[in-house]
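The structure under discussion appears below in the form of C-alpha cells.
Every chain is numbered from 1, with letters handed out A, B, ... down the list of sequences.
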There are 2 protein chains.
Amino acid sequence: MSKPGFTRADPDARRLSLMEATARVLARDGASGASVRAIALEAGISPGLVTHHFGGVDALIAATYAHVGEQVSAALDMAVRRAGNDPRARLMAYVTASFAPEIADRGLLATWTAFWGLVIARGEIAELHDAQYARYRDELEALLAGCGLRPTARRRATIAIAALVDGLWLELCLSPGVLDAEEARAIAETQIAALLAA
Amino acid sequence: MSKPGFTRADPDARRLSLMEATARVLARDGASGASVRAIALEAGISPGLVTHHFGGVDALIAATYAHVGEQVSAALDMAVRRAGNDPRARLMAYVTASFAPEIADRGLLATWTAFWGLVIARGEIAELHDAQYARYRDELEALLAGCGLRPTARRRATIAIAALVDGLWLELCLSPGVLDAEEARAIAETQIAALLAA
DNA sequence: TTGCTTGTTGTACGATCGTATAATAGGCTG
DNA sequence: CAGCCTATTATACGATCGTACAACAAGCAA
C-alpha cells in the first residue's frame with residue numbers, strides 16, 4: 001500500500017472539480033486571471049487535464065457558466081419551494097433569493113462578466129446565454145401567472161421584473177455600499193406590487 | 001517637403017485617439033483581445049506609445065472607461081435638453097436615450113464588461129465605477145425631483161429606475177432578439193408612471 | 001498476477017503578452 | 001539655420017499564454 005502519486009478520478013467528478021476551480025479563480029482574479037495554469041493550480045492538477053477534459057479554455061469557461069447557472073437556478077427554486085403555496089409569497093421568495101449573499105456575490109458577477117466577454121468575442125456562445133436567460137424568464141413568468149396576471153400583460157411584466165432584479169443584483173455586486181439586500185428587496189416588492197395591481 | 005515618417009501629435013489628441021482605438025478593439029474582440037499591440041495597430045501607432053502616454057494597459061482601459069462614460073453622459077444630457085421644459089418629458093427623454101442604438105450597443109457593453117473585470121481584479125479601480133455611477137444616479141434623481149417626487153421617496157425611486165434601465169439596457173445588448181428599444185421604453189414608462197403616482 | 005485502457009503528468013513549443021530601452025526624427029525656439 | 005525637446009519608432013527581454021505530445025501509472029478485467 002504505497003501512496004499513489006495521483007488519484008485517478010471519475011471523468012465527471014474531475015470535470016466538476018475543474019469547473020468549481022474555474023469559478024473560484026474567476027471570483028478571485030477576474031477574467032484576465034483565469035488562465036489554464038491558474039485554474040489547474042487551483043484544482044490541484046496538471047494543466048494538461050484542461051485540454052484533455054474540455055478541449056480548451058473557452059469550453060471550460062462556457063461549461064462553468066452553465067454549471068454556475070444551474071446552481072443559481074437551483075437555489076432560486078429551493079427558495080420558492082420553501083415559500084409555501086401562496087403565489088405572491090412564492091414570487092417574492094424567487095426575487096428576494098436573488099439578493100441573498102451567495103447570489104449577489106462579486107465572485108458570481110466575475111463568472112458572468114467573463115462569460116459576457118466571451119459572448120462578444122465569439123458569437124456562437126451567445127446562444128448559451130439566450131437559452132439560460134429564456135429559462136430564467138420562463139420561471140418568472142410562471143410565478144406571475146400564479147399571481148393571476150392576465151396572459152397579455154405577462155410578457156412585459158416578466159421582462160420588467162427580470163430587468164429590475166438584474167439591475168439591482170448588478171449594483172449590489174459592484175457597489176455593496178450603495179444599497180443592501182433588504183433595500184433591494186423592498187424596491188422590488190414595491191415595483192411588483194404596482195405591476196400586479198394594474 | 002518630404003513626407004514625414006510619422007506625425008508628431010499633441011499629447012492630448014494622441015491620448016484621445018488611443019482611447020477611441022481601445023473602445024473599437026474592445027467592441028470588436030472583447031476584453032481578452034484588447035492587448036497593447038492590438039490597440040496600437042488599431043490606432044495606427046507603435047505599441048510603445050501606450051506605455052509612454054498612459055504608463056500601462058490598465059490605465060488606458062480605465063481612461064477609456066471614463067471617456068466613454070463621459071460620452072454616454074453627454075448623449076443623455078443632450079436628449080434631456082432637446083426634450084423641452086416638461087419635467088416628465090425630460091425624465092422620459094433621459095431614460096429613452098439609454099435605449100438608443102448608439103447606447104444600447106454591444107460594443108459599449110464590451111467596454112463596460114472589460115471594466116467590470118478590472119473592478120474585480122483590482123479593487124482600487126472600483127472607486128472610478130462608484131463615482132461614475134453616483135453621478136448617473138444624481139442626474140436621475142434631479143429629474144425625478146423635477147417631476148415633484150417628494151424627497152423621502154426619491155432615493156429608492158432613483159435606485160429602482162436606474163436598476164430597471166440598466167437591466168433593460170443589458171438585455172438589449174446581450175439578446176437584441178428578445179426585445180427592442182421601443183418595448184424597453186414602454187416598459188420603463190409604465191414603471192415610472194407607477195413610481196410617480198405613489 | 002498480467003495486460004489493457006485511459007486518466008494524468010511533465011515538458012516543450014511557438015505565439016503573444018506587457019513593458020523597458022536606445023535610437024530616430026518631427027517640429028518648435030532662438 | 002542650428003539646436004533642443006520629446007513624441008515616436010523599433011527592438012528586445014522575460015514572463016506567460018494555450019495547446020500538443022509522449023511517457024507514466026492507476027485501476028479494472030481476466
Side-chain angles (χ1 to χ4, degrees), chain A residues 1-22 25-26 28-65 114-115 117-118 121-122 124-125, chain B residues 1-22 25-26 28-65 114-115 117-118 121-122 124-125:
Chain A
M1 166 162 190
S2 60
K3 56 178 178 183
F6 62 91
T7 54
R8 198 185 183 85
D10 175 72
D12 286 335
R14 188 65 85 183
R15 285 172 58 94
L16 181 65
S17 89
L18 264 172
M19 291 186 284
E20 288 172 345
T22 302
V25 171
L26 239 22
R28 190 199 325 126
D29 306 318
S32 64
S35 69
V36 169
R37 285 170 178 80
I39 293 170
L41 180 66
E42 174 72 27
I45 58 172
S46 154
L49 269 196
V50 171
T51 305
H52 185 260
H53 283 295
F54 288 91
V57 146
D58 288 356
L60 171 55
I61 292 181
T64 301
Y65 176 81
F115 195 79
L118 279 184
R122 308 184 50 171
E124 77 268 19
I125 306 190
Chain B
M1 159 160 193
S2 59
K3 58 178 176 183
F6 63 91
T7 56
R8 198 187 183 83
D10 175 73
D12 286 336
R14 187 66 85 185
R15 285 172 59 93
L16 181 64
S17 90
L18 264 172
M19 290 186 284
E20 289 172 344
T22 301
V25 171
L26 240 22
R28 192 201 322 129
D29 306 318
S32 64
S35 69
V36 170
R37 286 169 177 81
I39 293 170
L41 180 67
E42 174 72 26
I45 59 173
S46 153
L49 270 196
V50 170
T51 305
H52 186 259
H53 283 296
F54 288 91
V57 144
D58 289 355
L60 171 55
I61 292 181
T64 301
Y65 176 82
F115 195 79
L118 280 183
R122 307 183 50 169
E124 76 269 19
I125 306 190

Problem set entry | Any side-chain heavy-atom pair of Ile45(B) and Leu18(B) under 4.5 Å | yes

Exercise. Does a nitrogen or oxygen in the side chain of Ser46(A) sit under 4.0 Å from OP1 or OP2 of dG10(C)?
Worked result: no

Exercise. Between dT16(C) atom P and Leu41(B) atom CG, what is the distance in whole Å?
Worked result: 12 Å

Exercise. Do Arg37(A) and dT16(D) share a donor-acceptor pair, side chain to base, under 3.5 Å?
Worked result: no

Exercise. For the pair made of CD1 in Ile39(B) and P in dT16(C), what is the distance, rounded to whole Å?
Worked result: 16 Å

Exercise. More 5' along DNA chain C: Gly48(B) or Arg8(B), using each one's nearest nucleotide?
Worked result: Gly48(B)

Problem set entry | side chain to side chain contact (heavy atoms under 4.5 Å, CB included) assessment of His53(A) paired with Asp12(A) | CA-CA 9 Å; His53(A) 283 295; Asp12(A) 286 335; over 6 Å; no

Exercise. Contact class for Val57(A) (heavy atom, under 4.0 Å): base, sugar-phosphate, or nothing?
Worked result: sugar-phosphate

Exercise. What is the minimum heavy-atom distance between Ala38(A) and Gly33(A), and which atoms define it?
Worked result: CB-O, 3.6 Å

Exercise. Nearest to the side chain of Leu49(A) - dT8(D), dT8(C), dG18(D)?
Worked result: dT8(C)

Exercise. Between atom CZ of Arg15(A) and atom NE2 of His52(A), what is the distance when rounded to the nearest 0.5 Å?
Worked result: 11.5 Å

For this session: Check the distance between dA7(D)'s C1' and His53(B)'s NE2 and give it to me in whole angstrom.
Result: 6 Å

Exercise. Do Leu41(B) and Val25(B) have side-chain heavy atoms sitting under 4.5 Å apart?
Worked result: no

Seminar exercise, completed: Note: contacts of residues 10-18 of chain A with DNA chain C (heavy atom, under 4.0 Å) are Arg14(A)

Exercise. From Phe115(A) CZ over to Asp58(A) CG, what is the distance, rounded to the nearest 0.5 angstrom?
Worked result: 10.0 Å

For this session: For His52(A) and dA22(D), give me the distance from atom NE2 to atom P, rounded to whole Å.
Result: 14 Å

Exercise. What's the CZ-P distance between Phe54(A) and dT19(D), to the nearest Å?
Worked result: 13 Å

Exercise. Taking C-beta and beyond as the side chain, do Phe54(B) and Met19(B) meet within less than 4.5 Å on heavy atoms?
Worked result: yes

Problem set entry | Listed nucleotide nearest any side-chain atom of Thr51(A), set dT9(C), dT19(D), dA7(D) | dT19(D)

Problem set entry | Value in whole Å for how far the P atom of dG10(C) lies from CD1 of Ile45(A) | 12 Å

